[in-house]
Amino acid sequence: MKKIAKAVLYNREGQVLLQLRDGKAPLYPNTWAFFGGAVEDNESIEEALTRELDEELSLTFNQPEFKFFGRVESNDGTNEEVFYFLIPVNESEEELRIKQTEGTDLGFFGYHNSTGLKMIDRNRSILDQFFEDFSSEIIHPRP
């Protein structure tokens, strides 16, 4: 089974950063997705995510900043096992857009402006879980 590492990058307002995959993407073209990618041989999931975020957004993170959020096995024939990690990001959408090297667009989305986005089911379920379980903690942390 192919391992995939994905980042649920979020800001202080509880919005999630997503990328619009371009029409030439081999899988899921023209859909909104999390940043990340395949785990290469002899690479941990966290190392793969660190590499992917550097390649796709020129962002450097320390692995202790990664908080495991979920694991999903594909049911669409791709034979993928996807690991999702929560990671806070401080850069603005404009700053990130300048750094973006993959996809045709990006944006921060809250629950209400994400419901109409074209996404694959497993990403949609992780996004919904984030908004249900976690985003209120970012905006209104418990004392």
Side-chain angles (χ1 to χ4, degrees), residues 1-93 95-97 99-142:
M1 185 164 277
K2 185 176 184 177
K3 292 185 183 333
I4 307 291
K6 293 289 183 173
V8 181
L9 297 162
Y10 63 90
N11 63 16
R12 282 172 265 208
E13 289 78 37
Q15 299 169 315
V16 175
L17 183 69
L18 299 171
Q19 68 167 311
L20 180 58
R21 297 173 58 81
D22 66 32
K24 297 176 185 174
L27 292 173
Y28 321 115
N30 301 311
T31 60
W32 287 92
F34 297 103
F35 286 90
V39 177
E40 296 178 357
D41 291 338
N42 300 317
E43 188 176 51
S44 73
I45 296 164
E46 292 84 358
E47 289 168 338
L49 190 54
T50 300
R51 175 184 48 75
E52 289 285 345
L53 291 173
D54 182 45
E55 290 173 2
E56 297 174 4
L57 286 169
S58 298
L59 292 178
T60 305
F61 292 97
N62 295 317
Q63 292 176 18
E65 293 177 86
F66 299 179
K67 179 180 177 184
F68 179 74
F69 189 60
R71 177 190 153 281
V72 178
E73 287 187 23
S74 66
N75 59 2
D76 58 7
T78 58
N79 199 32
E80 294 175 340
E81 182 179 23
V82 186
F83 297 84
Y84 295 88
F85 293 85
L86 297 173
I87 306 171
V89 64
N90 296 317
E91 287 83 356
S92 71
E93 190 173 299
E95 291 170 312
L96 293 166
R97 190 168 276 119
K99 296 178 178 186
Q100 183 182 16
T101 61
E102 187 174 291
T104 60
D105 199 4
L106 62 71
F108 278 106
F109 295 90
Y111 174 76
H112 293 292
N113 66 346
S114 69
T115 57
L117 297 176
K118 180 181 176 187
M119 299 179 79
I120 63 170
D121 290 343
R122 68 174 175 237
N123 285 341
R124 171 66 65 198
S125 68
I126 290 292
L127 186 63
D128 288 347
Q129 182 181 345
F130 172 84
F131 290 127
E132 289 172 20
D133 298 347
F134 193 73
S135 66
S136 64
E137 286 295 313
I138 297 165
I139 299 168
H140 305 290
R142 292 180 186 153

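Heads up: numbering here begins at 1 and tracks the sequence.
Here the straight-line distance linking atom CG of L86 with atom CZ of F69 works out to 5.0 Å at 0.5 Å rounding. With rounding to the nearest 0.5 angstrom, the CZ atom of R71 is 4.0 Å from the CD atom of E81. Rounding to the nearest 0.5 Å gives a distance of 10.0 Å between CG of L53 and NZ of K6. In this structure, L59 CG and L9 CG are separated by 7.0 Å, a value rounded to the nearest 0.5 Å.
E102 pairs by the salt bridge (charged side-chain N to carboxylate O under 4.0 Å, His left out) definition with nothing, not counting sequence neighbours. Partners of E40 according to the side-chain hydrogen bond (donor to acceptor under 3.5 Å, both in side chains) rule, which considers only residues two or more places apart in sequence or in another chain, do not exist here. With sequence neighbours excluded, the residues forming a ring-ring contact (aromatic ring centres under 6.0 Å, His included) with F68 are F85, listed by chain and number. The salt bridge (charged side-chain N to carboxylate O under 4.0 Å, His left out) search around K67 returns none, not counting sequence neighbours. For the side-chain hydrogen bond (donor to acceptor under 3.5 Å, both in side chains) test, residues two or more places apart in sequence or in another chain that qualify with E95 are S92.
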* **Candidate pair F61 and E46, rule side chain to side chain contact (heavy atoms under 4.5 Å, CB included), full reasoning** => CA-CA 10 Å; F61 292 97; E46 292 84 358; over 6 Å; no
* Evaluate the criterion side chain to side chain contact (heavy atoms under 4.5 Å, CB included) for residue pair Q19 and E56; output intermediate values, then yes/no. => CA-CA 10 Å; Q19 68 167 311; E56 297 174 4; 3.8 Å; yes
* side chain to side chain contact (heavy atoms under 4.5 Å, CB included) between V39 and E47: does it pass, once the steps are laid out? -> CA-CA 8 Å; V39 177; E47 289 168 338; over 6 Å; no
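Between the side chain of T31 and the main chain of L20, no donor-acceptor pair closer than 3.5 Å is present. Of the possible donor and acceptor atoms, one in the side chain of N11 sits under 3.5 Å from a partner among the backbone N and O of Q15.
With respect to V8, the side-chain contact (heavy atoms from CB on, under 4.5 Å) criterion is satisfied by exactly one of L17, L127, I126: I126.
For residues 14-35, no pair satisfies salt bridge (Lys or Arg N to Asp or Glu O under 4.0 Å), with sequence neighbours left out. Pairs passing the side-chain hydrogen bond (donor to acceptor under 3.5 Å, both in side chains) check and including a residue from residues 114-130, sequence neighbours excluded, read E80-R122, Y84-N123.
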Just distance, no hydrogens or angles: give the donor-acceptor pairs under 3.5 Å from side chains in residues 103-111, sequence neighbours left out.
unit_1 : atom_1 : unit_2 : atom_2 : d
D105   : OD1    : R97    : NE     : 3.2
D105   : OD1    : R97    : NH2    : 3.1

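Within the 4.5 Å cutoff, side-chain heavy atoms of K3 are placed close to those of F83. Two residues are said to be in side-chain contact when any heavy atoms from C-beta on lie closer than 4.5 Å; T50 and F66 meet this criterion. Side-chain contact between L57 and E91 is absent, with no heavy atoms from C-beta onward closer than 4.5 Å. Residues F131 and H112 fail the side-chain proximity criterion, which asks for heavy atoms closer than 4.5 Å. Using a 4.5 Å heavy-atom threshold, the side chains of F34 and L18 count as touching.
Heavy atoms from other residues, nucleotides or ligands lying under 6.0 Å from NZ of K2 number 12 at most.
Taking every heavy atom of both residues into account, W32 and M119 meet most closely at O-CG, 3.5 Å. When all heavy atoms of A48 and A38 are compared, the closest pair comes out as CB-O, 4.0 Å. Taking every heavy atom of both residues into account, I87 and A7 meet most closely at CD1-CB, 3.9 Å.
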